[in-house]
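Working notes for the structure below.
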Protein chains: 4
Amino acid sequence: MELGWSKLTLGDVATRAGVAKTTLYRRWAGKNELVVDAVAELFDELRLPDCGTLAADIEGVVLQFAAILARPEAKSGLMAVVAESVRDDALRERIRASIVDRQKRLVLEGRARAQARGELPPADPEETARTVDLIFDMVAGTVVHRTLVSARPADEVWVRGFTRLLLQGLTATT
Amino acid sequence: MELGWSKLTLGDVATRAGVAKTTLYRRWAGKNELVVDAVAELFDELRLPDCGTLAADIEGVVLQFAAILARPEAKSGLMAVVAESVRDDALRERIRASIVDRQKRLVLEGRARAQARGELPPADPEETARTVDLIFDMVAGTVVHRTLVSARPADEVWVRGFTRLLLQGLTATT
Amino acid sequence: MELGWSKLTLGDVATRAGVAKTTLYRRWAGKNELVVDAVAELFDELRLPDCGTLAADIEGVVLQFAAILARPEAKSGLMAVVAESVRDDALRERIRASIVDRQKRLVLEGRARAQARGELPPADPEETARTVDLIFDMVAGTVVHRTLVSARPADEVWVRGFTRLLLQGLTATT
Amino acid sequence: MELGWSKLTLGDVATRAGVAKTTLYRRWAGKNELVVDAVAELFDELRLPDCGTLAADIEGVVLQFAAILARPEAKSGLMAVVAESVRDDALRERIRASIVDRQKRLVLEGRARAQARGELPPADPEETARTVDLIFDMVAGTVVHRTLVSARPADEVWVRGFTRLLLQGLTATT
DNA sequence: TCGTAAACGAGACGGTACGTCGCGTCTTTAT
DNA sequence: ATAAAGACGCGACGTACCGTCTCGTTTACGA
């Protein structure tokens, strides 16, 4: 199930994987679950680079994110399950657990590293939680919207502008 | 066909609208086009309030946006067509024309009003275009992600936090 | 659905009939119902010939019956639904109504004609019912067993022997 | 695997027999063969009673036959394999050898006993063969049709009527 | 008593057919 | 002429069962 999510039919997936359709249904409860797992695996490739500054780190991970989203199987699968999840709470929970919450590690790591560097002030736990959620929604949402809805490349120039705007917001003395 | 998008089947839509399926196909080329138009109409309800400050204006419009996204027919329809558009360029263009670009008016208006108030410096046209796109991707993407993926309410508290972060980024002296 | 019941899959049936599988399911509740109707239609071809004597009439209709049973689509279909009906009361009722009871007309006609000719004595209604059922079970059961289980042809010689035995039983003065 | 043929799936059969599906396939070539053997075993229970007259003997064995056919596993299995055998010559041969020909012993025994008693005249071998086949087809076919298709009980009353008709045919002076 | 080989239990898998759902087309009927 | 009603072709879905296969475990028997 690694290549070619463009054809989103389970039969084709099975064929391409050299496996019987039945086998897929033995391992996953349905198409949605399968796709969530496959997409989750894709995003697990994300690594927070250590480039010396928070801005560079963010830019690096956002570029990776955009690169994954550029693959047809990733965007196809991701949007398909998100669209389904609108009317299926269990599915949305699964997405949250397998994809969203799982990748929040990147925000946490980046934040911790920036605090160690002194780029960000320490924060109390509660405020951290809120901010991490907000950052994640902003980064993920913005990049997805840029690449999938606006359909413009999240290239280095754009990423730099986005990161600057984001960081100015984050580091501003309130 | 304005209410009850929870059941997203064309037959039901037609029935509920007291109309024959045939009629829908006379007016729209297919399900996707129909949904795009319906969703576009929903977003046309958005109005940029004049609350005196840019922050308040943004908060106002974001809350309206979130309110629309809270309706099942809106999120259902929106995500369905966006998911389809991943593999259908014509559809994505239609979404851009009917929904995205159409609502960028809000960013432009807000920006102009803020400049008139002196809250934002004037900007040359090219930089404006880039910034408007960025702002739009950020606002729309973030709010969608918050409400549909993270599935948490974009309530006043959250909107205030989001707006503050956004504005600090926008108004910071680079 | 008129030709080639050897391949008993609904998909092939549909294809061969130049029709979509769905359409079959729109008209029949399932494979069994469809087959019952098809087989019933086959048996509706049966005609009681008027050959002058009861023996000849019986021989004629039994030969027709055997001829129908010789067609692959007939035996295939018939035995398939009968086998299913063992565990499906509704199906058995349908078979009874559409096939068995429907063809009892042949026995009734033959009997009436023989009585008109004086070959058989008149009988009271209740005894008639019992005898008709018995005759039908004997004729249908025996011919089916001969052709499908014993797998030997119900040719003229055999039919003559069978008919003689049957008629001797029927006409014997008790 | 002797009891409970109502659920005709091999998996369930295996489970119920406390045996692995694999084991069944080690002993039989497939489902059909297994069922043929099981059904054959059931019919081996048949015994020709010695009641003093041919009529009583026939009635006795027919009642036994009907009793076996009343068991769900018997009718289910029997009809299933017979239905299959329509398109599988090897299977039909197996049924003939294991079930049909094997039980013709009952007809032969009954006939011999009746001849010893003087109830039936001796017959030359060739005529015997033909008649035995005919009798068997008539008895087996009729009882099966009565119980499985007409779905009415082959009780004592019915059996008496059937036997009388049969015997009158058999004993009539040609 | 122990080691080895045959038989078995458990269950995953490839495959085929089933019956269902929804889209988009097309035909019929009535206004 | 237009629209409601609804049958139809199509393609995918998810399910059930068959028969094959590969394991790991038990059992039987001879050294």
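Below, read A as the first sequence line, B as the second, and so on, with proteins coming before strands; counting in each chain starts at 1.
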To the nearest Å, how far apart are [X] [atom1] and [N] [atom2]?
X	N	atom1	atom2	value
E84(D)	dC17(F)	CD	P	16 Å
L24(A)	dG15(E)	CG	P	12 Å
L34(A)	dC13(F)	CG	C1'	13 Å
R16(A)	dA12(F)	CZ	C1'	14 Å

Please tell me which of A20(B) and G18(C) maps to the more 5' nucleotide of DNA chain F, matching each residue to the nucleotide holding its nearest heavy atom.
->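 That would be A20(B).
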Does any N or O in the side chain of T15(C) come within less than 3.5 Å of the main-chain N or O of G11(C), such that one atom is a donor and the other an acceptor?
->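 Side chain of T15(C) to backbone of G11(C), a donor-acceptor pair under 3.5 Å: yes, one is there.
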R27(B) near the nucleic acid: base, sugar-phosphate alone, or nothing, with a heavy-atom cut-off under 4.0 Å?
-> nothing
Examine dC8(E): is either OP1 or OP2 under 4.0 Å from a nitrogen or oxygen in the side chain of T23(D)? Give yes or no.
->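 No, no such contact exists.
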Is there a donor-acceptor contact under 3.5 Å linking the side chains of R152(D) and T147(D)?
->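 Side-chain D/A pair, R152(D) to T147(D): absent.
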Test item: side-chain donor near acceptor, S150(A) and R96(B), under 3.5 Å =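 Their side chains do not contain a donor-acceptor pair, so the 3.5 Å distance test is not met.
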With a 4.0 Å cut-off, would you call R71(D) and E45(D) a salt bridge?
-> yes
Only one of D101(C), D88(C), D37(C) forms a salt bridge (Lys or Arg N to Asp or Glu O under 4.0 Å) with R94(C), so which one is it?
->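 Only one option passes, and that is D37(C).
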Show me the protein contacts with nucleotides 23-25 of chain E, counting only N or O atoms at under 3.5 Å.
residue: dC23(E); atom: OP1; partner: L8(B); partner atom: O; Å: 3.3
residue: dC23(E); atom: OP1; partner: L10(B); partner atom: N; Å: 3.0
residue: dC23(E); atom: OP1; partner: K31(B); partner atom: NZ; Å: 3.0
residue: dC23(E); atom: OP2; partner: L10(B); partner atom: N; Å: 2.8
residue: dG24(E); atom: OP2; partner: Y25(B); partner atom: OH; Å: 2.8
residue: dG24(E); atom: OP2; partner: K31(B); partner atom: N; Å: 3.1
residue: dG24(E); atom: O5'; partner: Y25(B); partner atom: OH; Å: 3.3
residue: dG24(E); atom: N7; partner: K21(B); partner atom: NZ; Å: 3.2
residue: dG24(E); atom: O6; partner: K21(B); partner atom: NZ; Å: 2.8

Can you measure from NZ (K31(C)) to CD (E84(C)) and round to the nearest 0.5 angstrom?
->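 Separation between the atoms: 8.0 Å.
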